[in-house]
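Report on the following structure.
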Amino acid sequence: METLALKKEKVVEKEKPLSISGSEAVLKAFLAEGVETIFGYPGGAIMPIYDALFDYQDRLNHILVRHEQGAIHAAQGYARASGRPGVVFATSGPGATNLVTGLADAMIDSTAVVCITGQVYAHLLGTDAFQETDVINITTPVTKWNYQVTDATEIPSVLAKAFYIASSGRPGPVIIDITKNAQLQKFDYEGYKKCDHIRSYRPKPIVRKEYIEEAAELINSAERPFVIFGQGVILGKAELEFKKFLEKSGIPAAWTIMGMSAIPTDHPLGVGMLGMHGNYGPNVLTNDCDVLIAVGMRFDDRVTGRLDKYAKQAKVVHLDIDPSEIDKNVKTTVAVWGDCKETLPLLTELIEQKVYPQWLQRFNEYRQLEEETCIVPELHPEKEELTMGEVINVLNELTQGEALLVTDVGQHQMVTCRYAKYNQSKSNVTSGGLGTMGFALPAAIGAKFGAPARTVVAIIGDGGFQMTLQEMGTIMQSNVNVKIIILNNLFLGMVRQWQELFHERRYSFTDLSCPDFVQLAKAYSIEGQRINKRNEIKEALAAMLSHDGPYLLEVMVGKENNVFPMVPQGCSVSEIRLK
Ligand SMILES: Cc1ncc(C[n+]2csc(CCOP(=O)(O)OP(=O)(O)O)c2C)c(N)n1
């Protein structure tokens, strides 16, 4: 029989909080938040966290990258492919500063990323200690939130806030800088509570029905309405709501690069891509529509061209979750603040079922013109040299629109976005706002972890590939099944195109020598081949896709091919040139 004293002792034992280190608290937070994969690189100031991770390897998958920029781009790729936040570990000083480009990229492209950086001991802060940098001040403009932890007891609540802020409302990157003493410090752990509310932070504006009514009235009275949509539809997980809105309204719709794949590319109301290298019709007719309905997009200058000549004739309805986007670049007639997953169904209810055959026909006519002058010569060229477009065209044929494509920055990015076919959402991962060369290879690694069942193909230029090619080491070590296509024009192609068109062909430092990429891949145990003939494309792509493991295919394309159409910088969207 248990004595009362014994019973009491048991109760006391049960109630006694667990004493754990700050490092372990970080990992417990990750488990509670459903983190599966961390992309990271160790160093002195984050060693206690890595030491704790040693015992969590069965529950948390850590991918050792080759450069911290690779870690954050991989986390971005993971987030964009999965819809869940990507997670990064890096050490202090150079480890942390190597994250800055990725933070800026994630900030401008609204990508949820949580970064943990190690920091020097709290008592050394401000002394120019070894590998000390002022991470908070450096990253403030490029993060949605940042915070420095010097006391371990704060870790559970700070990490809960970090995940909440990164993924709620308009997503974005968060960095939590943890001093080494806080990582080592033991404290009484009282469990982890997820955060769902922070005073003075309102991730979703309250939906005002009167504005939805006003928007519906405008849409119902329009004769030539035009929908333009961005990544907000994907981030809001509102693809279905958007499709219903579109199909009831009957309005033609064009996507920004970031909005691509929110609806299938062959949707009957989809009229193509907006922007500098977008499709002809959507650009020209932006300046002819009478009501422009912008959904989850931010009127980036690459989309609007010259602002004082942008859609001046149109009434503008702007649906966005972030109030700071309203009236930032384009003056709106009606602003509908809110999460489009909530606002779109309300709007759909109030709009009339319509069709606009004549208006849609105008897009088709422009499409015909673009087919003859740009699309056919790119996809079915008569000249001997290969074009980037024909490679993408065959890739479409072989993948049937099911592949997830990750592009770098430059001509190949524009060509891929112009010609890729997608059947499902979250299929186009690219560095849209920042235009970060070197993004694609690590982002593709992350995308494969975020969407393991999908075929992930990175499409990269010879310039961008040379910026982060060390991540082939990550592919080798973690056996990541990504396919890499290098579209090699032996030039920094996009810059060369501008030099040709706007700087009288003065090719100032854009001619690029390359190593033997196929041999280099082999050194990393990655299979591959190089092709330069039209009749090799299909077989080579099929070999790449059917290969069981990572593969690098280098395609030698014409050196001085250009991407058209193009809205020259400083011109109006309706001044788009076909050649
Ligand atoms: C980090 C970085 N540096 C410079 C640039 C400017 N830039 C934009 S496109 C481009 C050329 C890209 O060349 P490549 O990777 O070979 O692709 P291509 O345009 O030939 O397809 C350059 C240098 C950039 N976007 N990012």
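For reference, positions follow the sequence shown, starting with 1. Ligands are counted one by one from 1 in listed order, and the atoms in each one are counted from 1 as well. These values consider heavy atoms only, across backbone and side chains, with no hydrogens, waters or symmetry-generated copies.
The closest approach between any non-hydrogen atom of Met467 and ligand 1 is below 4.0 Å. Under a 4.0 angstrom heavy-atom cut-off, Gly438 registers as lying outside contact with ligand 1. In this structure, Val495 counts as a contact residue of ligand 1, since one of its heavy atoms falls inside 4.0 Å of the ligand. Heavy atoms of Asp408 come nearer than 4.0 angstrom to ligand 1 in no pair at all.
Under 4.0 Å is where a charged nitrogen must lie from a carboxylate oxygen, and between Glu378 and Arg418 no such pair does. Salt bridge annotation for Glu325-Arg170: present, with a cationic side-chain nitrogen under 4.0 angstrom from a carboxylate oxygen. Using a 4.0 Å cut-off between a side-chain N of Lys or Arg and a carboxylate O of Asp or Glu, Glu385 and Lys559 do not qualify as a salt bridge. Between Glu370 and Arg367 no salt bridge is recorded (no basic side-chain N to carboxylate O distance below 4.0 Å). The pair Asp516-Arg530 meets the salt-bridge criterion, since a charged nitrogen lies less than 4.0 angstrom from a carboxylate oxygen.
Taking distance alone, with nitrogen or oxygen atoms compared against 3.5 Å, Gly410 stays at or beyond that limit from ligand 1. Polar contact check, Leu512 against ligand 1: no nitrogen or oxygen pair lies under 3.5 Å apart.
Under a 4.0 Å criterion applied to the non-hydrogen atoms of Asp462, ligand 1 contributes the atoms 16 (O). Less than 4.0 angstrom separates some heavy atom of Asn489 from each of these atoms of ligand 1: 20 (O). If you number the atoms of ligand 1 from 1 as listed, the ones under 4.0 Å from a heavy atom of Gly493 come out as 13 (O), 18 (P), 19 (O), 20 (O). Less than 4.0 angstrom separates some heavy atom of Met494 from each of these atoms of ligand 1: 9 (S), 19 (O).
When hydrogens are left out, the protein atom nearest atom 25 (N) of ligand 1 is Gly435 O, 2.8 Å; that is the closest non-hydrogen contact. The protein heavy atom nearest to atom 15 (O) of ligand 1 is Gly464 N, 2.7 Å. Looking at atom 16 (O) of ligand 1, its nearest protein heavy atom turns out to be Gly463 N, 2.9 Å.
Here Phe491 has backbone heavy atoms under 4.0 Å from ligand 1, and that is the only part of it that gets that close. Contacts between Leu492 and ligand 1 below 4.0 angstrom, taking non-hydrogen atoms only, involve backbone and side chain alike.
Selection from Met388, His412, Gln69, Met437 by nearest heavy atom to atom 4 (C) of ligand 1 gives Met437.
Taking Glu536 as the reference, nothing meets the salt bridge (Lys or Arg N to Asp or Glu O under 4.0 Å) condition, with sequence neighbours excluded.
Side-chain contact check for Asn428 and Arg80: no donor-acceptor pair (N or O, by modelled atom type) lies under 3.5 Å. In this structure, a donor-acceptor pair under 3.5 Å is absent between the side chains of Gln131 and Thr91. Between Ser431 and Asp109, the side chains place no donor N or O within less than 3.5 Å of an acceptor N or O (distance only, hydrogens not considered). With hydrogens and angles left out, the side-chain atoms of Arg298 and Thr256 include no donor and acceptor closer than 3.5 Å.
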